[in-house]
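Inspection log for the structure reproduced underneath, given as structure tokens.
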Amino acid sequence: MGSPALYLTMTHLPKIYEPQQIEEKWYQFWQESGYFHAEATSEKPPYAIVIPPPNITGSLHIGHALDNMLQDCLIRWRRMQGYNTLWMPGTDHAGIITELIVERQLAEEGTSKSALGREKFIERVWQWKAASGGTILSQLRRIGCSCDWERERFTLDEGLSQAVRTAFVRFYEQGLIYRDTYMVNWCPACSTAVSNLEVEPIEVDGHFYHIRYPVVGVSSGTDEAAFLEIATTRPETMLGDTAVAVHPEDERYRHFIGKTAMLPLQEREIPIIGDAYVDTEFGTGALKVTPGHDANDYEIGLRHDLAQRTIFTKTGCMNEHAGERYRGLSRWDCRERVVADLREQGYLVKIVPHRHAVGHHDRCGTVIEPAISLQWFMNVKPLAERALAAAKNGDVRFIPERETARFIHWMENIEPWTLSRQRWWGHRIPIWYCDACDAVTAAMDIPQTCKTCGCTELRQDEDVLDMWFSSGLWPFATMGWPEKTAELNTFYPTSVLVTGWDILFFWVARMIMLGLACMDEVPFRTVYLHGLVADEKGQKMSKSKGNSVEPLETIATYGTDAFRFALANAGTPNPYVPLPESQIEAGKRFANKIWNAARFTLMNLERHPVSATPNRDSNPLEVKWIRSRLNHAIATTTDALENFRFHEAAQTVYAFLWHEFCDWYLECVKQRLAHGEPEALWVAADVLEQTMRLLHPFMPFLSEELWQQLTQGNGTGTANEKKSVCVAPWPEPAGAHPEAEATMAVVMTVIESVRSIRGELNVPLGASVEVLVQSPDADVRAQLAAHLGHYLPAFTKVKDITVAAAVQKPPASAEAVIGELVLYIPLAGVIDLDAERARLNKRHRQAVKDVAAAQKTLENPNFLQRAPEKVVAQKRESLERLLAEEAKLARSLSVFL
RNA sequence: GGGCGGGUAGCUCAGGUGGCUAGAGCGACAGCCUUACAAGCUGUAGGCCACAGGUUCAAGUCCUGUCCCGCCUACCA
């Protein structure tokens, strides 16, 4: 522990914020100080988030950056609020991808997975993991993530493995997990079954092949045989056909039902059956039935007791059932040959273009082959019912709200989960087979003997589990389940889950189902589903599309905080959020602006030491004002964070810091300094210190650096109570001052009017002007008389100010009307009268328009009768003001010199 | 086929439960190195809030329909 030795001394504060100088230093300091560590038991209220474990194969992409920045934002904010915050980090073993990567490596070395054997191969993967698997977590540190690194977990570590086996055995014993032969989605490239979620239907331009199947023993009335014409997008599958189906009521074909067709190329007789599944309107109305390779045909096959003919190998080539002529060909080569043969033999009627969706494996892009195989499945229906209830009764809440409907729809239509994968890297299925008696044993540990026959020759199932099975246990398995740990007791259910909506079904849904089943309680109360980062064209950013922003490059160019601020601004409810370079650039400028505001304050504090704390009761107007505005910013930011409106939170801090604190307050401070009132700096430092706390969840590094400097021995507020802004208390709203805000608003408007006139009439910069203000209201006059003399010179060059109830418009002067106020600026010798006339005309036209609109509303009796009193009063006030402005402008124009 | 989201300034987007003169960033134009910041300051221009109806005293906001764009879902071979 201990503060970093190296502070940039004030006199050496660079003019430009240099993020590289400080980021690493502070991250190390936080970690060494143990600020990120959560206590298993604590007096403090708990706040927990489990990280969506990134794949060990991954490197930080823009999606990770957004997801984790938002989580860090929440965690840092809650930590400051005094919660016992746990952000559980870790990685996923990413079954299929990792295995592919290592296989590729082996191929380069001229060896292979099968040559190595299972044990050696797994060892190799662990080696790879040790060398490369930690990349992404170290990258998360670069973006400032305040994870509790002492608790880092991995989906294949011993604890998780224990949890996986426990869950599996439990579900097996409950009969929810079972082994069956069924039609599954098969990836020929990965040589494994995948779940239907992993199949991505992609629209492709394909063809409809019309093929004639001769009907056996029936002539068409002439000498020719009768045919059934079928249409298919996959002609090669005809080699596996075991029937042709027509609709039982289809007048064209019903008389064929019960007869047989001669399957071309193979000369096999197959039955013609009637089944209502067939759509008479679609294609030719006659359907070739391939129960071995089509999910629908499989169902038809079951209904009609058809043979199931498998014609593909595990790697997607034709097997012996396809016939010698086709055996060994790839699916695509076979299609070509089949079509050529059909054409040659006169069975091909025509080929028409046809656009349709084809299932692709989402991990490798290979066209999925539906195939019959023996797999492990999980019946998730009973679990889904509980998850459904939790979503409906609000036990788990989705943000944005619209995601609830998506979740419910999916849960209501849930299908059995294909659990087994024909891979080596992953959680091996804890099932043992006895070859002696065919008994099946599910066990936590390797069983020594067969329960049924006592023999010792047991064989473990070869397959591993779908990676989502282990990540589905993540929220509680990382905390020690199935043990009853203090962590679980304290942090489960976790507070919120933050992830992209694209894995709502893959992961979020599974965690909710498994959490309810294993823990009897939802894994999190709230699910915040943020958008996916898109490019300017609205396309999701991804490495394969080559349109992605590289987080680490971005950080190197703009700094982490600038990047984070841009990401916070992407925290809108939109499903796709653009992240243009300009937004990151804006973050960088903002960081520099803050840096310089602090630089100004600190440099002047050094130059003008403040001896005593100023008396708060005698605060000048701008101090009451800035405190009131800060109060407002704190309340708005807090409220926005509470409701996951990151964009609004970031915008609020931005607007306050830049457009209120810098644009107005610091300018006021300059004036105070000029008047020998350095106490103003104390307020500046104090407001900045609080604002650094407000900013910290968004820009942790910059806020820490400046907070440290601001609290180094200048005696401001909370100084040194804590050693780091990341554990300093979240600011509380205090000090609203509506009167000061109102008065300041008038002052600001006067200043803006003077500036506007100077700008529009091209008053030379050096020229000092005289300002005359006319106001019928004695109170306002008093306020203006008290304040204008002080503030105006700081913001615009004036030499003389007059405030009176009635002012004679000086000749050759410019004029501005602000409600009841009239402002004159004599500009003899400088003024361009035509320009001034044009300016007044423009203002007048606008005033007339506004008056008309307000009058129209107020002349409507229904409005007066039905609108709330408050609204009517506001409208009246507004009209009065507009009328006064309009009249004054009209009079000025009528007597214009 | 069903559903969801979007269409607001030249560009990218904000605008919780209807109610001041519809905002920001970037860009444009004009003028400024004013003792923190040119990554800055000041001013200006720019909007039939996709279109058509409807509800309401009042609609960018709610309802209906239409047109575009995107997505999710579905067993039409």
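So you know, we letter chains A, B, ... as the sequences are listed, proteins then strands, and number each from 1. Since the structure is predicted, the reported quantities are computational estimates derived from the model, not experimental observations. Below, each value reflects all heavy atoms present in this structure, side chains not excepted, and no hydrogens, waters or symmetry copies.
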- [ ] Indicate for each nucleotide in nucleotides 14-27 of chain B, in 5' to 3' sequence, whether protein heavy atoms under 4.0 Å reach the base (B), only the sugar-phosphate (S), or nothing (-).
- [x] S-B--B-B--SSS-
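- Separating the P atom of B/G3 from that of B/G65 is a span of 10 Å, rounded to the nearest Å.
- Applying the salt bridge (charged side-chain N to carboxylate O under 4.0 Å, His left out) test to pairs two or more places apart or on separate chains, none has a residue in residues 650-659 of chain A.
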Task: Pairing annotation in dot-bracket form, given for RNA chain B with Watson-Crick or G-U pairs under 3.5 Å and | for cross-strand partners - done: (((((((..((((.....[...)))).(((((.......))))).....(((((..]....))))))))))))....
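- For A/F505, the ring-ring contact (aromatic ring centres under 6.0 Å, His included) partners are A/W410, not counting sequence neighbours.
- Screening residues 279-292 of chain A for salt bridge (charged side-chain N to carboxylate O under 4.0 Å, His left out), with sequence neighbours left out, gives A/D241-A/K288.
- For A/Y213, there are no ring-ring contact (aromatic ring centres under 6.0 Å, His included) partners at least two apart in sequence or on another chain.
- Here A/F590 pairs with A/F565, A/Y654 under the ring-ring contact (aromatic ring centres under 6.0 Å, His included) rule; sequence neighbours left out.
- A salt bridge links A/E885 and A/R881; the closest N-O separation between the charged side-chain nitrogens and carboxylate oxygens is under 4.0 Å.
- Listed by chain and number, the residues in a ring-ring contact (aromatic ring centres under 6.0 Å, His included) with A/F646 are A/Y528 (sequence neighbours excluded).
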Name every donor-acceptor pair, under 3.5 Å, that has one atom in a side chain of residues 353-360 of chain A and the other anywhere in the protein, sequence neighbours excluded.
from, atom 1, to, atom 2, distance (Å)
A/R355, NE, A/E203, OE1, 3.3
A/R355, NH1, A/D205, OD1, 2.9
A/R355, NH1, A/D205, OD2, 3.2
A/H360, ND1, A/V358, O, 2.8

Task: Heavy-atom protein contacts under 4.0 Å, nucleotides 42-48 of chain B, coded B base, S sugar-phosphate only, - none - done: SSSS---
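- Salt bridge A/K875/A/E877: absent, no basic N to carboxylate O contact under 4.0 Å.
- At whole-Å resolution of the value, CG in A/L673 and P in B/A36 are 11 Å apart.
- Within the nucleic acid shown, A/K593 comes within 4.0 Å of at least one base atom, counting heavy atoms only.
- Salt bridge status for A/R755 with A/E752: absent, with no side-chain N to carboxylate O gap under 4.0 Å.
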Short heteroatom pairs, N/O only, protein and nucleotides 74-77 of chain B, under 3.5 Å:
from, atom 1, to, atom 2, distance (Å)
B/C75, O4', A/N296, OD1, 3.4
B/C75, O2', A/Y277, OH, 3.4
B/C75, O2', A/N296, ND2, 2.8
B/C75, N1, A/N296, OD1, 3.4
B/C75, O2, A/Y277, OH, 3.3
B/C76, O2, A/D279, OD2, 2.6
B/A77, N6, A/D279, O, 2.9
B/A77, N6, A/F282, O, 2.9
B/A77, N1, A/D279, N, 3.2

For nucleotides 8-11 of chain B, tabulate all protein N/O to nucleotide N/O atom pairs closer than 3.5 Å, reporting atom names and distance.
none

